[in-house]
Structures are given as structure tokens and as C-alpha cells.
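Here is the structure we will look at, set down as C-alpha cells.
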Amino acid sequence: MTLAQKRPATPRLNNGFISRLQKQFPDLVPPIIAIIIFLVLWQLFAWTPGATLPGPIQVIQDTWILIFWPFYDRGGIDKGLFWQILASLQRVAISYSLAAVVGIALGVLIGVNKTMSKALDPIFQLLRTVPPLAWVPISLAALRQNEPAALFVIFITAIWPILINTAVGVTQIPQDYNNVAKVLQLSRKEYFTNILIPAALPYIFTGLRIAIGLAWLAIIAAEIVMSGIVGIGFFIWDAYQNNNVSEVILALVYIGVVGLLLDKAMAWLQNKILPAEQK
């Protein structure tokens, strides 16, 4: 009598990674198809007689060195796209952090003090409508140097959504919360840390998420008109001046990808910090 040998168990292919991939696949297909259609239409448009913009094929052919060697550094402003983007991100990080601190502090101040709100609101509403490019000549005239001027442009652009959303969040704190604070006779510090900040946190993160996008837009605008500094904005302007349109298009793609990643990072941080009932 021949004993049947037990076949070894087949490793399950449906592991965690594949399971997540299968769940996300329906959401990935539409954008992939849309991108392919966009690239095909763009290429067809580039092949039409009289078209001046290069198609995706020519862009890759013209910029393959920048794509595959983003870390080169020949000194001065002749650097790869990695270093250009890194320089811009460093400026954004410095000014955005300062804007977050100042914006949240001022937002809380005018949110709890109606007199300060009435006094400062017209000024804030006036300044927040000024475009980033309009601040460039003022910052250059006042600071006299490109680097601090660029930092100021980012700061003054990013602070308004943080400030305004924080102030709105503070004014929207339920009255029941304030009544509980009075009953428990909480100190001002305890009120701020246990009631005010947690209740206003969703509004604060809304402002922070809007501000990170505006900060990234502002640094590009500032670097374009501030010559001689390493940054993706000046890289675009320099490429345009040298009639390297393919390099401009490639830089725009990188800018869009970095902006998307910044927004996703802020959304991830928001989901990690906010309680489930406030999401």
C-alpha cells in the first residue's frame, strides 16, 4: 500500500502588502489612465505643426541627465535638481515653522480677546490679500539681501491661513467647555492646554495644511525674481532665460510632486495627532 505524501502548504500570496495593493488597485487605475491619456494628448499636440512646447518624449530626451543625475554639484548655482529642491525646502521649513508659531499665538490672542480682534482684523484682512510677488520688492528694499528677503516672503504668505483659522477655532469653542472650566476653576494654563488648544486643533491643522501649500508656492515665486540663489524657482527662471523649455517643464513636474508630498505629509500628521472624534 502506497502512502500518499502530503503536499507542502503553498505559501499564501495574499499577504498584507498584496492585500493592501488589491484594496487600493481600484483607486489607482483611474489616475493612471488619466495620466496616460494626458501624456498621449500632450505628445499629439507637440507633434502638430507650429507647436512650440516640447512633448513628453522630447522633454525626457533633453533632460535625461537632470533626471538620472539629480545629485551633481559643480559649485555655485550649477547643481542638480535634488540640491535645488532641498535649498527651497530648507527656506520653506524655516519660514513655515516661524509662521506656525507666530500665527497660532496671534490667532489665540485675537480669538480670546474681542477688542484685539476688532482692532487687528482690518489690518490682517488687508495684508492677507497681497500676492506673494508683491512682497518681493518690499522685502528686498527692507532687508537688502536675497536670502532673508525670500524667507520673509514665505513667512508673510503662510501666516494668514494659520492665524485666521486658529482665531476661528478659538471662537468656535462650545460654551459648555467654558462653563466646565469655570466650574472646575481651571487656571489659565490648564484652560489653554486642556480645553482651548484641543478644541481648536482641527481648525489649526486646517490652517497649517493650507499654509504649507502657500509657502511652497511663495518660495517658487520669490526665487524666480531673486537671482543668484540656489533653488528650484531660480532654476526655472535661469532655464527659461537660456531657452531650455524642457528643463522648465521637468522642474514644474518636480514642484508638483513635492507640493503633493508636503500636503500628504501634513494630512498624515493631522490624522496621527487629532483624536478620532475630531477627524
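Note that the structure is predicted; figures quoted are calculated from it, not measured.
Rounding to the nearest 0.5 Å places CD1 of I36 at 12.0 Å from CG of L41. Note: R128 CZ to T157 OG1 = 13.0 Å, rounded to the nearest 0.5 Å. Atoms CZ and CD, from F38 and Q43 in turn, are 11.5 Å apart once rounded to the nearest 0.5 Å. Here CD1 of I162 is found 8.5 Å from CD1 of I212. Values are rounded to the nearest 0.5 Å. Distance CG/L120 to CG/N113: 9.0 Å, rounded to 0.5 Å. Here I65 contributes atom CD1 and W69 contributes atom CH2; the two are 7.0 Å apart, rounded to the nearest 0.5 Å.
Between A200 and V170, the shortest heavy-atom distance links the atoms CB-N, 4.0 Å. Residues I154 and A215 share a closest heavy-atom pair of CG2-CB, 3.6 Å. Of all heavy-atom pairs between W216 and I219, the closest is O-CG2, 3.1 Å. Scanning both residues, V153 and I156, for their nearest heavy atoms gives O-CG2, 3.4 Å. Minimum interatomic distance between G231 and R91 (heavy atoms only, all atoms of both residues): CA-NH1, 4.0 Å. Residues A119 and P122 share a closest heavy-atom pair of O-CD, 3.7 Å.
Side chains of F235 and L66 form a contact here, defined as non-hydrogen atoms less than 4.5 Å apart. With contacts defined as side-chain heavy-atom distances shorter than 4.5 Å, the pair V168/T206 does not qualify. Using a 4.5 Å heavy-atom threshold, the side chains of I33 and I37 count as touching. In this structure, L262 and L89 have side chains that are in contact, with non-hydrogen atoms separated by less than 4.5 Å. Considering only heavy atoms from C-beta on, L106 stays 4.5 Å or farther from M116 through its side chain. Side-chain atoms of L163 and I110, non-hydrogen and from C-beta on, do get closer than 4.5 Å to each other. Looking only at side-chain heavy atoms (C-beta outward), P161 and L214 come within less than 4.5 Å of each other.
Sparse packing is recorded around OH of Y240, with 12 or fewer heavy atoms of other residues, nucleotides or ligands lying under 6.0 Å away. Heavy atoms from other residues, nucleotides or ligands lying under 6.0 Å from CG of N242 number more than 12. Taking a 6.0 Å sphere around CH2 of W135, one finds it holds more than 12 heavy atoms contributed by other residues, nucleotides or ligands.
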N146 and L140: side chain to side chain contact (heavy atoms under 4.5 Å, CB included), yes or no, with the steps?
CA-CA 7 Å; N146 287 344; L140 286 173; 3.5 Å; yes

Using side chain to side chain contact (heavy atoms under 4.5 Å, CB included), reason through Y96 and V101 one step at a time and then give a plain yes or no.
CA-CA 9 Å; Y96 177 77; V101 173; over 6 Å; no

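Considering N165, T129, V130, L127 in turn, L127 is the only one that fulfils the side chain to side chain contact (heavy atoms under 4.5 Å, CB included) rule with W160.
Following chains of ILVMFWY side-chain contacts shorter than 4.5 Å, one cannot reach L39 starting from L44, and the two form parts of different hydrophobic clusters. In this structure, L81 is not a member of the same hydrophobic cluster as L86, with clusters built from ILVMFWY side-chain heavy atoms closer than 4.5 Å. The hydrophobic cluster containing L201 also contains V108, counting ILVMFWY residues as joined when their side-chain heavy atoms lie under 4.5 angstrom apart, directly or transitively. At a threshold of 4.5 Å between side-chain heavy atoms, the hydrophobic network of Ile, Leu, Val, Met, Phe, Trp and Tyr places L269 and L208 in one connected group. Under the 4.5 Å side-chain contact rule for hydrophobic residues, F152 and L217 do not share a cluster.
Remark: the backbone N or O of V92 is not paired with any side-chain donor or acceptor of S95 at under 3.5 angstrom. In terms of modelled atom types and a separation under 3.5 Å, the side chain of W47 and the main chain of G55 share no donor-acceptor contact. A distance-only check finds a donor-acceptor pair linking the side chain of E223 to the backbone of I232 [under 3.5 Å]. In this structure, the side chain of D238 does not engage the main chain of F234 through any donor-acceptor pair within 3.5 Å.
In this structure, F82 and F71 have tilted ring planes: the angle between them lies in the 30° to 60° band.
Seen from the ring of F205, R209 does not count as a face-on cation partner, given the 6.0 Å and 45° thresholds.
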Donor-acceptor contacts, no H, no angles, side chain residues 245-257, under 3.5 Å, sequence neighbours left out:
| from | atom 1 | to | atom 2 | distance (Å) |
| --- | --- | --- | --- | --- |
| S246 | OG | D62 | OD2 | 2.8 |

